[in-house]
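Heads up: numbering here begins at 1 and tracks the sequence. Values reported hereafter were calculated over all heavy atoms of this structure, with side chains retained and with hydrogens, waters and symmetry mates removed.
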Amino acid sequence: MMRAWVLPMLLVIGGSAVAVGLAFRGDPGTAAAFLLVFLLLAGVHSPLFFPRSIGATEAQRRSAVDGRPIVYWRSGCQYCVRLRIRLGRSARQLHWVDIWRDPAGAAAVRAANEGNETVPTVVVAGRAHVNPDPAWVREQAARPAP
């Protein structure tokens with residue numbers, strides 16, 4: 001759980017240090033802008049940016065019932081952030097599993113990726129797709145359940 005927050009914390013600490021340095025040099029406007037950018041980056045790379053994660057077992061059960069895709073992800077992954085941003089509101093229609101919080105999720109990703117924890121891995125109808133096109137994922141989320 002703690003490693004999911006390492007990158008966001010480093011961004012906040014680093015941004016704060018840069019902002020304080022700029023403020024002491026007499027440039028409070030630039031300091032505020034730097035701090036805002038670093039806080040935004042920290043927020044985007046935090047677990048708070050993603051829909052609420054569930055366990056892999058529960059995601060598989062729910063997906064079997066409603067046919068919605070499962071997205072295996074981890075915080076700090078730029079490709080996961082890209083997928084989340086490009087999905088927009090439709091991201092809430094998917095089942096999200098944080099592989100750093102759920103060992104079963106990490107095992108499912110390793111099983112689908114020849115032992116690697118490559119994310120995002122999206123499972124649709126039992127078939128894994130590694131780093132798929134967000135438009136395709138959005139289409140899969142919109143398909144009615146079988």
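For the ring pair (Phe, Tyr, Trp, His ring centres under 6.0 Å) condition, no pair includes a residue of residues 107-128, sequence neighbours left out. Within the structure, side chain to side chain donor-acceptor pair (under 3.5 Å) contacts touching residues 9-29 (residues at least two apart or in different chains) are D27-T30.
The structure places CZ of R101 at 8.0 Å from OG of S75, a figure rounded to the nearest 0.5 Å. One finds the CG atom of L40 at 10.0 Å from the NE2 atom of H45 (value rounded to the nearest 0.5 Å). Between the CD1 atom of I54 and the OG atom of S63 there is a distance of 9.0 Å, given to the nearest 0.5 Å. Separation of atoms CZ (R68) and CZ (R62) is listed at 9.5 Å; rounding is to 0.5 Å.
With sequence neighbours left out, the side-chain hydrogen bond (donor to acceptor under 3.5 Å, both in side chains) criterion links R86 to no other residue. For A104, the side chain to side chain contact (heavy atoms under 4.5 Å, CB included) partners two or more places apart in sequence, or in a different chain, are A56, D102. Residues satisfying the salt bridge (charged side-chain N to carboxylate O under 4.0 Å, His left out) test with R82, not counting sequence neighbours, are none. Considering only residues two or more places apart in sequence or on other chains, E139 meets the salt bridge (charged side-chain N to carboxylate O under 4.0 Å, His left out) condition with none of them. Contacts of F50 classified as side chain to side chain contact (heavy atoms under 4.5 Å, CB included), with partners at least two apart in sequence or in another chain: W73, C80, V81, R84, W96. Scored by the salt bridge (charged side-chain N to carboxylate O under 4.0 Å, His left out) test, R92 finds no partners at all (sequence neighbours excluded). For R110, the salt bridge (charged side-chain N to carboxylate O under 4.0 Å, His left out) partners at least two apart in sequence or on another chain are E117. Every side chain to side chain contact (heavy atoms under 4.5 Å, CB included) that V20 has, sequence neighbours left out, goes to F24. Residues that satisfy the side chain to side chain contact (heavy atoms under 4.5 Å, CB included) test with V37, not counting sequence neighbours, are L41.
In terms of hydrophobic clustering, with Ile, Leu, Val, Met, Phe, Trp and Tyr side chains grouped at heavy-atom distances under 4.5 Å, L35 and V12 are assigned to a common cluster. Criterion: ILVMFWY side-chain heavy atoms under 4.5 Å apart, direct or through other members. Under it, L87 and F49 are part of a common hydrophobic cluster. Under a hydrophobic clustering in which Ile, Leu, Val, Met, Phe, Trp and Tyr are joined whenever their side-chain heavy atoms come within less than 4.5 Å, directly or via other members, L22 and L11 fall into the same cluster. The cluster map of Ile, Leu, Val, Met, Phe, Trp and Tyr, joined by side-chain heavy atoms under 4.5 Å apart, puts V44 and L83 in the same cluster.
Using a distance-only test at 3.5 Å, with no hydrogens or angles considered, no donor-acceptor pair links the side chain of S46 to the main chain of P8.
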List the atom pairs, donor and acceptor, that lie under 3.5 Å between side-chain atoms in residues 119-136 and the rest of the protein, sequence neighbours left out.
{"from": "T121", "atom 1": "OG1", "to": "N113", "atom 2": "ND2", "distance (Å)": "3.1"}
{"from": "T121", "atom 1": "OG1", "to": "T118", "atom 2": "O", "distance (Å)": "2.5"}

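Within 6.0 Å of CZ on F34 lie no more than 12 heavy atoms contributed by other residues, nucleotides or ligands.
Side-chain contact between D98 and R74 is present, with heavy atoms from C-beta onward closer than 4.5 Å. In this structure, I70 and L94 have side chains that are not in contact, with every pair of non-hydrogen atoms separated by 4.5 Å or more.
Taking both residues in full, the closest heavy atoms of A31 and A19 are given as CB-O, 3.2 Å, listed atom of the first, atom of the second, then distance.
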